[in-house]
Amino acid sequence: DLPRLREWVGRESHARDVVTRGLVTRFKATLDAPHEGDADPDIAPRLIHLCLTLPDTPMSGLGPDGHAIRGGFLPPVPLPRRMWAGGSFTFHRDLRIGDAVQRVSRISDVALKEGRTGRLCFVTVEHAVSVDGELAVEERQDIVYREGETGETTPPTPPPGEPLGAAHLEVDAGAPLLFRYSALTFNTHRIHYDHRYVTEVEKYPGLVVHGPLQATLLYHYAHRLQGRPPGRFTFRSVAPLFEGDGMILNADTTGSGPLKLWTSDRRGRVAMKAEATS
């Protein structure tokens with residue numbers, strides 16, 4: 001019932017939070033970047049806003065997959081599987097320790113498409129993060145809902161591997177990293193920590209590496225390669241990335257224009273593509 005779901009377009013949510021020194025310390029430890037920003041230690045790392053103004057749904061309000069029961073801020077899409085499909089970030093100023101942050105979120109679109117595995121419903125959410133009325137971060141978040149496994153379909157053939165980027169770095173995307181990032185973002189989606197659920201119910205081969213975590217690692221890799229934080233960053237998920245397959249951050253440093261980045265597993269299969277612009 002797409003017309004019913006589109007009634008959510010324009011709905012807003014407001015939240016507040018504070019950037020604490022403890023959160024910054026834990027965020028840096030999770031990224032294994034304890035010295036980042038030492039020139040001004042009160043500047044918070046970029047994308048830490050994903051760990052702020054988090055939904056605090058009580059346990060009684062969680063669905064079987066660990067997400068909040070649908071029909072509140074997000075529309076009650078009846079498709080069972082939910083993933084973060086992509087998005088973008090535009091940075092206007094840094095967040096600093098002690099900043100009181102305000103976030104306004106607005107649903108800007110709900111669309112239905114047919115994909116390789118069946119129906120897909122895309123929900124687009126726009127976020128504006130401000131401090132004392134000054135815009136700090138603009139974000140677009142693309143959420144996709146898809147049909148569950150029926151046991152009757154043949155899994156699609158995995159795409160062939162691609163070469164490593166001119167610059168590349170392997171990250172240990174094991175259970176400890178996934179646990180820490182889930183804790184930082186108060187994310188109870190079971191695909192990131194519950195091996196029985198993810199393999200028996202959602203039919204994945206292993207724990208799924210968070211899309212926002214991949215985007216965060218790619219963003220900070222671009223910062224390291226360029227020597228400055230990108231002002232704009234866009235990304236889209238191409239395929240799931242699983243614990244145990246390895247996660248390699250790749251960048252094409254040979255061309256001009258936006259820096260092209262991607263994550264892949266050890267076989268070269270691409271999971272996320274991104275572009276970073278100064």
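All values below come from the heavy atoms of this structure, side chains included, with hydrogens, waters and symmetry mates left out. In this text the structure is predicted, and so the values were computed from the model without any measurement.
- Side-chain N/O atoms of Ser278 and Arg228 include a donor and acceptor closer than 3.5 Å.
- When the side chains of ILVMFWY residues are joined at heavy-atom separations under 4.5 Å, either directly or via intervening members, Phe27 and Val209 end up in a single hydrophobic cluster.
- Cluster membership check: Leu225 shares its hydrophobic cluster with Phe233, using side-chain heavy-atom separations under 4.5 Å among Ile, Leu, Val, Met, Phe, Trp and Tyr.
- Residues Glu12 and His14 bring a donor and an acceptor atom of their side chains to less than 3.5 Å of each other.
- Look at Glu134 and Arg93 and you find a salt bridge, because one of the NZ, NE, NH1 or NH2 atoms lies within 4.0 Å of a carboxylate O, short of that distance.
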Verify side chain to side chain contact (heavy atoms under 4.5 Å, CB included) between Thr216 and Phe89, making sure each step is shown before the conclusion.
CA-CA 11 Å; Thr216 297; Phe89 306 100; over 6 Å; no
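- Atom NE2 in His210 sits 12.0 Å away from atom CG in Leu241 (nearest 0.5 Å).
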Applying salt bridge (charged side-chain N to carboxylate O under 4.0 Å, His left out) to Asp245 and Arg266, what does each step give before you reach the verdict?
CA-CA 6 Å; Asp245 287 346; Arg266 294 192 187 98; over 6 Å; no
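- In this structure, the side chain of Thr263 does not engage the main chain of Leu249 through any donor-acceptor pair within 3.5 Å.
- Here the CD atom belonging to Glu7 is positioned 8.0 Å from the CG atom belonging to Asp1, to the nearest 0.5 angstrom.
- Leu95 is listed as a side-chain neighbour of His49, based on a closest heavy-atom distance under 4.5 Å.
- Side-chain atoms of Thr20 come within 3.5 Å of backbone N or O of Leu23 as a donor-acceptor pair.
- Around atom NE2 of His168, no more than 12 heavy atoms belonging to other residues, nucleotides or ligands sit under 6.0 Å away.
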For the pair Arg26 and Leu184, evaluate side chain to side chain contact (heavy atoms under 4.5 Å, CB included) and give the outcome as yes or no after the intermediate values.
CA-CA 8 Å; Arg26 291 188 292 273; Leu184 277 174; 3.9 Å; yes
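- Side chains of Val101 and Arg16 form no contact here, defined as non-hydrogen atoms less than 4.5 Å apart.
- Figure legend: Lys113 and Phe122 shown as a cation-pi pair, the cationic atom lying under 6.0 angstrom from the six-membered ring centre and within 45 degrees of its axis.
- Inspection of the His127 and Glu138 side chains reveals no N or O donor paired with an N or O acceptor under 3.5 Å.
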Verdict with supporting geometry, Asp42 and Arg21, salt bridge (charged side-chain N to carboxylate O under 4.0 Å, His left out)
CA-CA 8 Å; Asp42 285 341; Arg21 190 171 300 278; 3.0 Å; yes
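- Once rounded to the nearest 0.5 Å, the distance linking CG of Leu178 with CG of Asn187 reads 10.5 Å.
- Here the side chain of Arg224 pairs no donor or acceptor atom with the backbone of Ala222 at under 3.5 angstrom.
- Put simply, the side chain of His220 never gets that close to the backbone of Leu217: no donor and acceptor are under 3.5 Å apart.
- The shortest distance between side-chain heavy atoms of Pro76 and Trp8 falls below 4.5 Å.
- Across all their heavy atoms, Ala44 and Val19 have their closest contact at CB-CG1, 4.0 Å.
- A side-chain donor-acceptor contact under 3.5 Å links Glu147 to the backbone of Arg119.
- In this structure, the side chains of Val9 and Ser108 stay at 4.5 Å or more apart for every pair of heavy atoms.
- Minimum heavy-atom separation, Ala239 to Val270: CB-O, 3.8 Å.
- Two residues are said to be in side-chain contact when any heavy atoms from C-beta on lie closer than 4.5 Å; Leu74 and Arg82 meet this criterion.
- Under the 6.0 Å cut-off for aromatic ring centres, Phe235 and Trp84 qualify, their centroids lying closer than that.
- Taking 4.5 Å as the limit, every side-chain heavy atom of Leu62 sits out of range of all side-chain heavy atoms of Ile69.
- Counting heavy atoms from C-beta outward, Pro230 and Leu259 have side chains that stay 4.5 Å or more apart.
- Of the N and O atoms on the side chains of Arg232 and Thr90, at least one donor lies less than 3.5 Å from an acceptor on the other residue.
- Leu5 and Met83 fall into different hydrophobic clusters, where Ile, Leu, Val, Met, Phe, Trp and Tyr residues are linked whenever their side-chain heavy atoms come under 4.5 Å apart, directly or through other members.
- Residues Leu177 and Thr30 approach most closely at CD1-O, 3.5 Å, considering heavy atoms.
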Could you go step by step and tell me if Leu120 and Leu112 meet the side chain to side chain contact (heavy atoms under 4.5 Å, CB included) rule?
CA-CA 6 Å; Leu120 302 171; Leu112 190 64; over 6 Å; no
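- For the atom pair OH (Tyr197) and CD (Glu202), the distance works out to 3.5 Å, reported to the nearest 0.5 Å.
- Heavy atoms only, all atoms of each residue included: Ala175 and Leu207 are closest at CB-CD1, 4.3 Å.
- Donor-acceptor pairing under 3.5 Å is lacking for the side chains of His192 and Ser182.
- Residues Val144 and Cys121 form no side-chain contact, since every pair of their non-hydrogen atoms from C-beta on lies 4.5 Å or further apart.
- Looking at Arg81 and Tyr145, their side chains never bring a donor and an acceptor atom within 3.5 Å of each other.
- Applying the side chain to side chain donor-acceptor pair (under 3.5 Å) test to pairs two or more places apart or on separate chains, those with a residue in residues 51-65 are Thr53-Arg103.
- Going from atom CD of Glu126 over to atom CG of Asp109 covers 9.5 Å, rounded to the nearest 0.5 Å.
- Not one N or O on the side chain of Arg140 forms a donor-acceptor pair closer than 3.5 Å with the backbone of Gly86.
- Note on residues 171-190: pairs passing salt bridge (Lys or Arg N to Asp or Glu O under 4.0 Å), not counting sequence neighbours, are Arg190-Asp194.
- Taking the six-membered ring where the residue is Trp, the centroids of Tyr181 and Tyr193 are separated by 6.0 Å or more.
- No hydrogens or angles considered: nothing links the side chains of Glu200 and His195 as a donor-acceptor pair under 3.5 Å.
- Ala166 and Thr254 get closest at one heavy-atom pair: CB-CG2, 4.0 Å.
- Note that CD of Glu275 is 9.0 Å distant from CG of Leu261, once rounded to the nearest 0.5 Å.
- Contact detail for Val123 and Pro75: the closest heavy-atom pair is CG2-CG, 3.9 Å.
- Hydrophobic clustering of Ile, Leu, Val, Met, Phe, Trp and Tyr side chains at less than 4.5 Å, counting indirect connections, unites Val171 with Tyr219.
- In the displayed structure, Asp132 atom CG is contacted under 6.0 Å by at most 12 heavy atoms of other residues, nucleotides or ligands.
- Judged by the 6.0 Å and 45° rule, Arg46 forms a cation-pi pair with Phe91.
- Under the 3.5 Å distance criterion, the side-chain polar atoms of Tyr221 are left unmatched by any main-chain donor or acceptor of Ala251.
- In this structure a side-chain-to-backbone donor-acceptor pair under 3.5 Å is present from Asn250 to Ile248.
- Val77 and Val125 fall within the same hydrophobic cluster, defined by Ile, Leu, Val, Met, Phe, Trp and Tyr side-chain heavy atoms under 4.5 Å apart, directly or through other members.
- In this structure, Asp142 does not pair ionically with Arg236, as no charged nitrogen and carboxylate oxygen lie closer than 4.0 Å.
- Relative ring orientation between Tyr204 and Phe242 is described as tilted, the plane-to-plane angle lying within the 30° to 60° band.
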